[in-house]
Colleague: 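Below is a structure I'd like to ask you about.
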Protein chains: 2
Amino acid sequence: MAPSGNPLGIVARRLARAVSFTAVDQGAIERLPVVTRILEASRDIIYEDNSSAHCCVILDGWTCCYQLLANGRRQILSFHVPGDLPDLQSLYLPSPDFGMATVTRASVAFVPHTHLRRLAQQSPAMAQAFWREVVVTAATHRAWITSLGRRDARQKVAHLFCELYLRLEAASLAGDHIMPMPLRQNDLADALGLTSVHMNRVLRNMRTEGLFDLRSRRLKIRDWAALASAAEFNPQYLHLGN
Amino acid sequence: MAPSGNPLGIVARRLARAVSFTAVDQGAIERLPVVTRILEASRDIIYEDNSSAHCCVILDGWTCCYQLLANGRRQILSFHVPGDLPDLQSLYLPSPDFGMATVTRASVAFVPHTHLRRLAQQSPAMAQAFWREVVVTAATHRAWITSLGRRDARQKVAHLFCELYLRLEAASLAGDHIMPMPLRQNDLADALGLTSVHMNRVLRNMRTEGLFDLRSRRLKIRDWAALASAAEFNPQYLHLGN
DNA sequence: CGCAAACTTGATGGCCGTCAAGCAAAGTGG
DNA sequence: CCACTTTGCTTGACGGCCATCAAGTTTGCG
């Protein structure tokens with residue numbers, strides 16, 4: 001699959017995973033006006049004009065959504081990879097309840113709400129694709145809630161790794177149970193409600209057991225069955241097709 | 001505000017909180033065909049025809065959404081009170097990833113997807129109201145993620161009580177910092193990722209400190225400021241207006 | 001009044017947090 | 001190319017929050 005040269009081609013392909021677009025729809029996406037910016041790792045993603053009348057699209061790199069508490073603690077709410085629309089929810093309800101930040105150096109495109117709304121109005125397929133994205137995000141939130149509330153550290157790691165692998169695979173960014181893993185142990189800890197110290201110990205144990213290799217920003221899942229089983233992982237919520 | 005006699009009046013008023021409906025919209029909601037059922041406490045909410053081509057509306061009583069793990073543990077994902085639409089997300093993406101159950105005896109109405117979709121197609125206000133409901137649900141999920149990941153038991157309780165009180169107040173089901181509290185300590189534990197034993201101890205402490213009274217299914221918040229402060233509660237995510 | 005469900009309390013232990021220190025890796029500048 | 005710094009990883013010691021197990025007690029309801 002040769003990627004289209006258009007920067008938003010990645011979004012068109014992503015949305016078309018679930019909905020059948022006409023050539024017109026496809027073209028309309030790719031002709032959306034965008035401002036693209038390259039951000040260094042660990043930078044907040046902020047709307048320059050402060051109007052927050054845009055949605056952002058991840059074109060390259062990894063990002064996350066997070067909330068901060070007064071004591072300085074951070075909870076990561078989701079990770080995002082190329083093709084994702086982390087704040088599509090803002091389309092009809094601005095006033096974000098979370099921050100966004102890059103994990104790696106990343107290329108991010110900003111698309112005006114006005115144009116996205118027009119797309120949704122003119123094309124039922126587009127409206128449905130947007131709805132679907134938001135609903136899948138909510139389903140992913142639910143999976144995280146259950147992980148945070150009722151799984152121990154080892155199971156949490158297993159569940160997150162399974163989720164990330166399948167999402168990357170669906171985006172043609174991973175295969176053969178090998179994937180890039182730019183997340184620091186500190187990021188993993190903030191996503192799973194743990195400390196980085198404990199994170200380190202749990203990872204060591206799981207590595208020792210032969211569940212996976214994790215070094216130089218690369219994760220190789222050695223025993224997918226065991227990992228998925230430890231997590232009680234059910235990929236249905238991701239709605240990746242298959 | 002005298003409630004309309006129509007069973008779906010409660011939904012119309014709820015959706016109208018955020019969106020301006022015409023009299024036509026209003027009437028269209030109230031004329032939706034529904035099947036209403038009364039369920040005893042602690043019963044699963046199941047679609048009889050198995051097609052799950054319906055959304056449900058809580059008319060009376062409390063319900064919850066949950067996920068189960070293999071070891072029998074339960075994670076509650078959300079609580080729902082009269083006027084709520086717990087599974088509106090199924091409208092354009094069936095295949096639920098969670099179960100629903102009553103907390104108290106409850107009256108639940110089932111509305112066919114077909115009619116809801118037609119409403120959304122014919123009225124932009126309606127479409128926006130649905131979108132908004134789904135997005136607020138996701139925002140609530142995010143608040144729970146942060147609670148589960150980064151707050152201790154005491155803060156979790158404080159946060160949940162603040163959320164529930166404001167939602168009930170907005171539905172005219174609570175006031176003066178007094179609200180019904182039908183949740184068992186076991187339910188609270190399953191929502192907050194704790195055991196019921198620990199739940200009991202934490203509640204006792206908070207009661208002793210004078211934060212609230214909690215007996216005979218009634219919660220009286222004695223010190224709202226202290227409770228909200230302990231939770232670092234910011235009501236913005238609920239989008240209740242005001 | 002009797003049963004079941006829910007609440008309460010104590011004792012004990014483990015998972016994970018905190019504090020502290022040292023090591024490794026990666027980038028920076030001279 | 002090598003000091004130097006920064007960031008991230010690793011490990012040990014210790015403690016606390018919360019889970020587990022095991023009684024009781026209270027509440028609610030038929």
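Every chain is numbered from 1 and lettered A, B, ... according to where its sequence line falls, protein lines coming before strand lines. Worth knowing before you read on, the calculation uses all heavy atoms, side chains too, and leaves out hydrogens, waters and symmetry mates.
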Colleague: Locate the shortest heavy-atom distance separating B:Phe212 from B:Arg207; write the atom from each residue and the value.
Modeller: O-CG, 3.3 Å
Colleague: Where the side chain of A:Thr195 is concerned, which of C:dG17, D:dT10, D:dT20 is the nearest nucleotide?
Modeller: C:dG17
Colleague: I want to confirm an ordering. Mapping A:Arg201 and A:Ser216 to their closest nucleotides on DNA chain C, which one lands closer to the 5' end?
Modeller: A:Arg201
Colleague: Is any side-chain N or O of B:Arg215 closer than 4.0 Å to OP1 or OP2 of D:dG28?
Modeller: no
Colleague: What is the separation between atom CE on B:Met181 and atom C1' on C:dA6, rounded to the nearest whole Å?
Modeller: 16 Å
Colleague: Base, sugar-phosphate alone, or nothing: which one does B:Val202 contact when heavy atoms must sit under 4.0 Å apart?
Modeller: nothing
Colleague: Expected output is a numbered-order residue list: members of residues 144-157 of chain A with a heavy atom under 4.0 Å from any atom of DNA chain C. What is it?
Modeller: A:Asp152, A:Ala153
Colleague: Name the nucleic acid region contacted by A:Arg73, choosing base, sugar-phosphate or nothing; use a 4.0 angstrom heavy-atom cut-off, strictly under.
Modeller: sugar-phosphate
Colleague: Any side-chain N or O of A:Gln185 less than 4.0 Å from the OP1 or OP2 oxygen of D:dT10?
Modeller: yes
Colleague: Send over the distance from A:Leu194 CG to D:dC17 P, rounded to a whole Å.
Modeller: 17 Å
Colleague: Strictly below 4.0 Å, N to O, side chains only: are B:Arg154 and B:Glu209 in salt-bridge contact?
Modeller: yes
Colleague: List the steps, then state whether side chain to side chain contact (heavy atoms under 4.5 Å, CB included) holds for A:Arg142 with B:Cys65.
Modeller: CA-CA 10 Å; A:Arg142 285 189 286 273; B:Cys65 296; 6.0 Å; no
Colleague: Rounded off to whole Å, could you give me the CG-to-C1' distance for the A:Asn200 and C:dC23 pair?
Modeller: 12 Å
Colleague: Separation of A:Asn186 atom CG from D:dT6 atom C1', in whole Å?
Modeller: 15 Å
Colleague: In whole angstrom, give the distance that lies between atom CG of B:Leu188 and atom C1' of C:dA6.
Modeller: 13 Å
Colleague: Rounded to the nearest angstrom, tell me the gap between atom CG in B:Leu183 and atom C1' in C:dC7.
Modeller: 15 Å
Colleague: Using a strict 4.0 Å threshold on nitrogen-to-oxygen distance, state whether B:Arg167 and B:Asp84 make a salt bridge.
Modeller: yes
Colleague: Is B:Asp60 paired with B:Arg105 through a side-chain N to carboxylate O contact shorter than 4.0 Å?
Modeller: no
Colleague: Send over the distance from A:His198 NE2 to C:dC19 C1', rounded to a whole Å.
Modeller: 16 Å
Colleague: Rounded to the nearest angstrom, tell me the gap between atom CG in B:Asn205 and atom C1' in C:dT8.
Modeller: 13 Å
Colleague: Which residue, A:Arg204 or A:Ser42, contacts DNA chain D at a nucleotide closer to its 5' end, judged by nearest heavy atom?
Modeller: A:Ser42
Colleague: So, do A:Glu163 and A:Trp144 sit near enough that their side-chain heavy atoms are less than 4.5 Å apart?
Modeller: yes
Colleague: Charged N to carboxylate O under 4.0 angstrom, A:Asp213 versus A:Arg218?
Modeller: no
